[in-house]
Amino acid sequence: MPTPGLRGGGRGPAQPITEEEKKNAPKLTWSLVKRALGYLLPYWPRLVFVVVCIFVSSWLSLMPSLLLGRIVDEGLIGGRLDMLVKLIAVSFGCW
């Protein structure tokens, strides 16, 4: 049995929001956004660092797949042994 006030309670499907809950939900206003950004202002260097880390991590997670595709297409199927050796060497550097 889910705890009252919690949607789904971590078990089973989430319960639909009632009309009263929709009516009493806080409205997203520009002043509320400015207030929230005001709390983040002292931490903006850390926030920028985290966003950059997310992008770098995403890029690095794509690299093995992209390299493997080039190894197969250009090295194995294309028959270029020199390219195959270079791409395999680069892939060991990325993993």
Side-chain angles (χ1 to χ4, degrees):
M1 177 96 185
T3 307
L6 294 179
R7 294 286 147 226
R11 296 182 191 170
Q15 301 296 320
I17 296 175
T18 64
E19 290 301 320
E20 182 181 350
E21 289 173 325
K22 287 181 187 178
K23 186 177 75 173
N24 294 332
K27 304 292 184 241
L28 183 63
T29 62
W30 182 242
S31 63
L32 181 62
V33 171
K34 286 193 322 189
R35 188 169 131 200
L37 290 176
Y39 290 126
L40 290 174
L41 190 61
Y43 305 103
W44 74 266
R46 293 179 185 175
L47 181 64
V48 169
F49 178 72
V50 167
V51 170
V52 168
C53 286
I54 289 170
F55 280 116
V56 169
S57 173
S58 298
W59 183 75
L60 288 175
S61 69
L62 289 174
M63 285 309 296
S65 299
L66 296 174
L67 281 172
L68 184 60
R70 288 191 63 192
I71 287 171
V72 170
D73 292 341
E74 296 177 20
L76 296 175
I77 295 175
R80 295 180 55 196
L81 183 60
D82 61 326
M83 182 62 73
L84 180 63
V85 171
K86 288 178 188 175
L87 290 172
I88 289 175
V90 169
S91 69
F92 277 114
C94 288
W95 281 314

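- Pairs of residues two or more places apart, or lying in two chains, that qualify as side-chain hydrogen bond (donor to acceptor under 3.5 Å, both in side chains) and include a residue from residues 67-86 are Arg70-Glu74.
- Atom CG of Leu81 and atom CG of Leu76 lie 10.0 Å apart (nearest 0.5 Å).
- A continuous path of Ile, Leu, Val, Met, Phe, Trp and Tyr side chains, each step under 4.5 Å between heavy atoms, connects Val85 with Leu87, placing both in one hydrophobic cluster.
- Following chains of ILVMFWY side-chain contacts shorter than 4.5 Å, one cannot reach Trp44 starting from Val33, and the two form parts of different hydrophobic clusters.
- For Ser61, there are no side chain to side chain donor-acceptor pair (under 3.5 Å) partners, not counting sequence neighbours.
- A single hydrophobic cluster is not seen to contain both Val51 and Tyr43; linkage of ILVMFWY side chains at heavy-atom distances under 4.5 Å, directly or through other members, places them apart.
- The closest side-chain heavy-atom distance from Ile71 to Ser91 is below 4.5 Å.
- Remark: Lys23 engages no residue in a salt bridge (Lys or Arg N to Asp or Glu O under 4.0 Å) (not counting sequence neighbours).
- Applying the side chain to side chain contact (heavy atoms under 4.5 Å, CB included) test to Glu20 and every residue at least two apart in sequence or in another chain returns Thr18, Asn24.
- Note on Phe92: it clusters hydrophobically with Met83, by side-chain heavy-atom contacts below 4.5 Å among ILVMFWY residues.
- Every residue meeting the side chain to side chain contact (heavy atoms under 4.5 Å, CB included) condition with Leu40, not counting sequence neighbours, appears here in chain and number order: Leu37.
- Residues satisfying the side chain to side chain contact (heavy atoms under 4.5 Å, CB included) criterion with Lys34, sequence neighbours excluded, are Trp30.
- Between the side chain of Ser58 and the main chain of Ile54, a donor-acceptor pair closer than 3.5 Å is present.
- In the hydrophobic clustering of this structure, Val56 groups with Val90; members are Ile, Leu, Val, Met, Phe, Trp, Tyr whose side-chain heavy atoms approach within less than 4.5 Å, directly or through other members.
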